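Take a look at the following structure, please.
Note on naming: letters A, B, ... go to the chains in the order of the sequence lines (proteins, then strands), and numbering restarts at 1 for each one. Keep in mind it's a predicted model, so treat the numbers as computed, not measured. Every heavy atom of this structure was used, including side-chain atoms; hydrogens, water molecules and symmetry mates were not.
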Amino acid sequence: MTHSSFREHVLAVVRAIPRGSTMTYKAVAVAAGNPHAARAVGAIMKTNYDPNIPCHRVVRSDGTPGGYNRGSKRKRELLREEGGVVA
DNA sequence: GAGCTGACATGTT
DNA sequence: CAACATGCCAGCT
């Protein structure tokens with residue numbers, strides 16, 4: 001990957017999150033290769049409206065849903081169906 | 001080219 | 001226990 005930007009890696013990691021599991025922004029940042037880019041991960045999700053990226057499976061380290069393009073309410077619903085457990 | 005903003009995290013007050 | 005302040009990275013103006 002010549003143009004491998006951090007955002008490309010983040011999107012790939014989030015897209016690889018198995019259904020029924022959730023990852024924190026920190027975990028995604030680490031998985032992408034930047035343990036200090038938790039904030040950037042959130043910014044990337046916001047700027048990237050890709051339906052292939054289940055950003056609803058990405059939560060904060062506290063377990064709080066955080067934000068979502070289609071509304072945090074929708075995110076909580078999806079987490080309840082896929083994660084089975086909601087904070 | 002530089003500066004501001006923001007879907008976060010951690011520590012201290 | 002809760003609220004405030006600081007540090008980090010990437011994207012947009």
Side-chain angles (χ1 to χ4, degrees):
Chain A
M1 300 294 193
T2 50
H3 57 283
S4 49
S5 303
F6 182 66
R7 97 181 233 324
E8 300 296 318
H9 283 266
V10 173
L11 299 173
V13 172
V14 178
R15 188 170 45 175
I17 298 176
R19 180 190 169 283
S21 297
T22 49
M23 276 182 98
T24 67
Y25 288 95
K26 185 71 169 283
V28 175
V30 174
N34 283 21
H36 291 279
R39 202 173 228 204
V41 175
I44 289 161
M45 303 311 220
K46 191 175 90 154
T47 50
N48 192 87
Y49 285 71
D50 196 306
N52 302 310
I53 310 300
C55 17
H56 61 262
R57 288 184 195 157
V58 185
V59 296
R60 289 180 57 161
S61 60
D62 304 276
T64 39
Y68 193 53
N69 320 75
R70 300 179 70 194
S72 23
K73 191 167 179 259
R74 185 69 176 179
K75 180 169 182 175
R76 219 160 54 180
E77 293 289 296
L78 288 163
L79 286 173
R80 197 171 86 143
E81 294 300 305
E82 299 183 6
V85 182
V86 187

>> Output the rounded distance in Å from CZ (A/Arg60) to P (B/dA9).
In response: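 Computing the A/Arg60:CZ to B/dA9:P distance gives 5 Å.
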> What are the two closest non-hydrogen atoms of A/His56 and A/Lys75, and how far apart are they?
Replying inline: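 Smallest interatomic distance, heavy atoms only, reads O-CE, 3.3 Å.
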>> Can you list everything that forms a salt bridge (charged side-chain N to carboxylate O under 4.0 Å, His left out) with A/Arg7? Sequence neighbours excluded, please.
In response: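 Salt bridge (charged side-chain N to carboxylate O under 4.0 Å, His left out) list for A/Arg7, sorted by chain: empty.
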>> With the threshold set at under 4.0 Å for non-hydrogen atoms, list the residues of residues 25-34 of chain A touching DNA chain B in residue-number order.
In response: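 Close to the strand are A/Tyr25, A/Lys26.
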>> Return the SG to CG distance between A/Cys55 and A/Asn48, rounded to the nearest 0.5 Å.
In response: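 Going from SG on A/Cys55 over to CG on A/Asn48, the span is 8.0 Å.
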> Any sub-3.5 Å donor-acceptor pair from A/Thr24's side-chain atoms to A/Ala27's backbone N or O?
Replying inline: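 Yes; judged by distance alone, with no hydrogens or angles, the pair exists.
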> Just by distance, do the side chain of A/Asp62 and the backbone of A/Thr64 share a donor-acceptor pair under 3.5 Å?
Replying inline: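 Absent.
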> Is A/Ala40 touching bases, backbone alone, or none of the nucleic acid, heavy atoms closer than 4.0 Å?
Replying inline: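 Base contact - A/Ala40 has a heavy atom under 4.0 Å of at least one base atom.
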>> Under 4.0 Å, heavy atom to any atom of DNA chain B: which of residues 41-48 of chain A qualify?
In response: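 Within residues 41-48 of chain A, the residues near DNA chain B are A/Gly42, A/Ala43, A/Met45, A/Lys46.
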>> Can you confirm whether A/His9 sits close enough to A/Asn34 that some side-chain heavy atom of one is under 4.5 Å from a side-chain heavy atom of the other?
In response: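 A/His9 does not reach A/Asn34 side chain to side chain.
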> By the rule that ILVMFWY residues connect when side-chain heavy atoms come within less than 4.5 angstrom, directly or transitively, which residues belong alongside A/Leu11?
Replying inline: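 Other cluster members: A/Phe6, A/Val10, A/Val13, A/Val14, A/Ile17, A/Met23, A/Tyr25, A/Val28, A/Val41, A/Ile44, A/Met45, A/Ile53, A/Val58.
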> Looking at A/Ala29 and A/Ala37, what are the two nearest heavy atoms and their distance?
Replying inline: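 Looking at all heavy atoms of both residues, the closest pair is CB-C, 3.8 Å.
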>> Under 4.0 Å from a heavy atom of chain A: give me the 5'-most and 3'-most nucleotides of DNA chain C that qualify.
In response: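 Using the under 4.0 Å cut-off, the span is C/dG7 to C/dG11.
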> For A/Arg60, which residues count as a side chain to side chain donor-acceptor pair (under 3.5 Å) partner, sequence neighbours excluded?
Replying inline: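 Listed in chain order: nothing, the list is empty.
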